[in-house]
Q: 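Dropping a structure here in structure tokens format, bear with me for questions.
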Amino acid sequence: MDDHQIVEGFKNPTTKNKAFSVLLDKYQQRIYWHVRKIIIDHDDTDDVVQDVFIKVFKNLDGFREASQLYTWIYRIATNEALTFLKKRQRKQAWSIDDISHDLENKLTSGSYIDGDEIQVKLQKAILTLPEKQKLVFNMKYFDDLKYEEISEIIGTSVGGLKANYHLAVKKIEEYLSED
Amino acid sequence: MSDENPYKKLKAPHLKKNIFETPEGYFGDLKEKITLGVVTEDERILGSEQLKKNIFDVPDGYFDKLNEKIISATKLTEEEGILGNEALKKNIYSTPENYFESLNSEILSKVKSETKVIPLYQTTWFRAVAAAVVLIMVALLSMPTKQLSESDLLSEVSDEAIINYLEERQAIEYELLSSVEGLDAILDNMILEETSSYSFALNENPELDYDFEYFDH
């Protein structure tokens, strides 16, 4: 079942559940890892990923395939992950620094993390980036998405994304070179 | 009649005669001088062919690889830099055992229960609460105006206090709404409307660029 067939299948009441189940099998892991790199903590990610797919379920009827299905889901996931962090920040009356500090703590002491020193350091370096650079870097470096696809997901021009990516790479290389 | 046409005189042929002269044999010497100047430059120390020999050397096969190097250097720096290390791409995060197997069914069960519950809240609860909130706000707003004017009241409060109050109130609203059982769905719904309207807007107008509110400044 390709994406188009999933969308069509979802619009038909008799195949709706089947189509959604296929969509879940196809995308849940990619979306999970995308959100996980933003939120770091497994349990928080679990909550957000479920919300993302519930939102997909509620809105897929209105999806007209102006963009690709997976960039649309990525877009919802990105927005949900950022909203999650903002909500927490607001609830705890935290500053942005507090948030990055909290995420860094989870990176060093959290569960379900298994990387050597340099790999963890890379994730820490990513946490120091401004939001947009962080998103672009993750999607380009780890997920191998094209700039055009990232542009559909976070709504920035390809030129702007390239600039953000280069800035991110530069900062990360600097961070990794420090002792 | 020269007054009538003053330029007529310039047409006289003898006026075009060159009145300047050079010393005798000048042009013959000039050519020689110029040639000599050039030659002497060559014949000085720097004219020595030996000096022109390139004393610098490159490693074997250097130029064969140069092209390749330049091309790769113009590509993203990650190719050559620290980030080119493939080990860095390793996913260091993991999940509890069989997490993805259960995630699927968990989402499916939530989706089923939500589709039944939500319309009830939308029609009754949500409207009732909204109406109550409006009534309370109207009551609150109309009360103090009987005693003092708004500007009198506000002038006594510092800007900072107002900002703090508003921020606090927003936080309290979230707390209140999320702590009341059954209202979670309403809150979710409000957030959903806030955050997902872009997906509809985008579908209607694909060219529409939705802007996220980023943390970066």
Side-chain angles (χ1 to χ4, degrees), chain A residues 17 20-21 24-25 28-29 32-33 36-37 40 42 46 49-51 53-55 57-59 62-64 66-67 72 75-76 78-80 82-83 85-87 90-91 93 96 99 112-116 118-120 122-123 130-133 141-142 154-155 165-166 169-170 172-173 176-177, chain B residues 76-78 80-85 87-96 99-100 102-115 118 167-168 170-171 174-175 178 188-189 191-192 194-200 202-217:
Chain A
N17 288 340
F20 189 66
S21 176
L24 275 180
D25 287 338
Q28 63 171 4
Q29 295 210 24
Y32 174 90
W33 296 120
R36 180 81 190 266
K37 279 185 225 113
I40 311 293
H42 165 72
D46 181 40
V49 167
Q50 295 190 30
D51 286 347
F53 282 104
I54 289 168
K55 241 155 240 195
F57 184 87
K58 284 178 177 171
N59 293 299
F63 181 68
R64 296 193 189 154
S67 56
W72 182 70
R75 196 178 169 95
I76 293 174
T78 307
N79 210 24
E80 283 296 300
L82 296 181
T83 306
L85 291 180
K86 270 184 222 169
K87 262 161 75 183
R90 203 182 305 167
K91 226 173 177 174
I96 293 156
I99 277 279
Y112 303 116
I113 290 173
D114 168 36
D116 62 27
I118 184 76
Q119 289 159 347
V120 173
L122 171 61
Q123 293 299 326
E131 209 59 50
K132 196 176 280 191
Q133 290 176 24
Y141 188 73
F142 292 109
I154 64 176
Y165 185 69
H166 281 278
V169 168
K170 209 176 138 206
I172 288 172
E173 297 256 12
L176 293 181
S177 316
Chain B
L76 295 173
T77 46
E78 71 178 58
E80 296 278 321
I82 302 170
L83 289 169
N85 179 357
L88 282 177
K89 295 210 177 188
K90 180 187 169 260
N91 182 5
I92 62 166
Y93 304 111
S94 58
T95 62
Y99 169 70
F100 287 113
S102 57
L103 179 64
N104 203 335
S105 54
E106 199 165 334
I107 292 170
L108 286 172
S109 70
K110 282 196 179 175
V111 157
K112 274 172 195 157
S113 65
E114 288 230 2
T115 45
I118 278 296
E167 281 176 351
E168 212 171 286
Q170 197 173 26
Y174 262 93
E175 285 294 339
S178 56
D188 279 345
N189 218 36
I191 296 167
L192 170 71
E194 246 176 65
T195 55
S196 72
S197 53
Y198 71 85
S199 59
F200 291 115
L202 188 75
N203 288 330
E204 296 291 341
N205 316 289
E207 74 283 359
L208 192 76
D209 227 14
Y210 176 79
D211 282 323
F212 283 105
E213 284 175 44
Y214 289 101
F215 286 143
D216 57 24
H217 6 261

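If you're wondering where the values come from, they're calculated on a predicted model, not measured in any experiment. Per chain, numbering begins at 1; letters A, B, ... match sequence-line order.
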Q: If you measure from CG on L108(B) to CG on L24(A), what distance do you get to the nearest 0.5 Å?
A: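 That separation rounds to 5.5 Å.
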Q: Do the non-hydrogen side-chain atoms of N91(B) and F142(A) ever get within less than 4.5 Å of each other?
A: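 No. Closest side-chain heavy atoms not under 4.5 Å.
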Q: Tell me, side chain or backbone of I113(A) under 4.5 Å from chain B's heavy atoms, or both, or neither?
A: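 Answer is both: backbone and side chain atoms of I113(A) are under 4.5 Å from chain B.
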Q: Output all residues satisfying side chain to side chain contact (heavy atoms under 4.5 Å, CB included) with Q29(A), sequence neighbours left out; order by chain, then residue number.
A: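 Listed in chain order: W33(A), F100(B).
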Q: Between NE2 of H42(A) and OH of Y99(B), what distance do you get to the nearest 0.5 Å?
A: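 Between H42(A) NE2 and Y99(B) OH, I get 5.0 Å after rounding to 0.5 Å.
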Q: Should F53(A) and L103(B) count as side-chain neighbours, where that means a heavy-atom distance under 4.5 Å?
A: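 No, too far: nothing below the 4.5 Å cut-off.
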Q: Which heavy-atom pair separates F20(A) from I107(B) by the least distance, and what is that distance?
A: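 Answer, listing the atom of F20(A) first, then I107(B): CE2-CG2, 4.0 Å.
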Q: How far apart are the closest heavy atoms of Y141(A) and K89(B), and which atoms are they?
A: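 In this case the closest contact between Y141(A) and K89(B) is O-NZ, 3.1 Å.
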Q: Less than 4.5 Å to any heavy atom of chain B: does that hold for the side chain of L122(A), its backbone, both, or neither?
A: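 Only the side chain of L122(A) comes within 4.5 Å of chain B.
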Q: Just give me the residue among V120(A), N17(A), I40(A), D46(A) that pairs up with chain B most often, heavy atom to heavy atom, under 4.5 Å.
A: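 Greatest number of close heavy-atom pairs with chain B: D46(A).
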Q: When rounded to the nearest 0.5 angstrom, what distance separates CG in L88(B) from CD1 in I118(A)?
A: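 Rounded to the nearest 0.5 Å, the CG-CD1 separation comes out at 5.5 Å.
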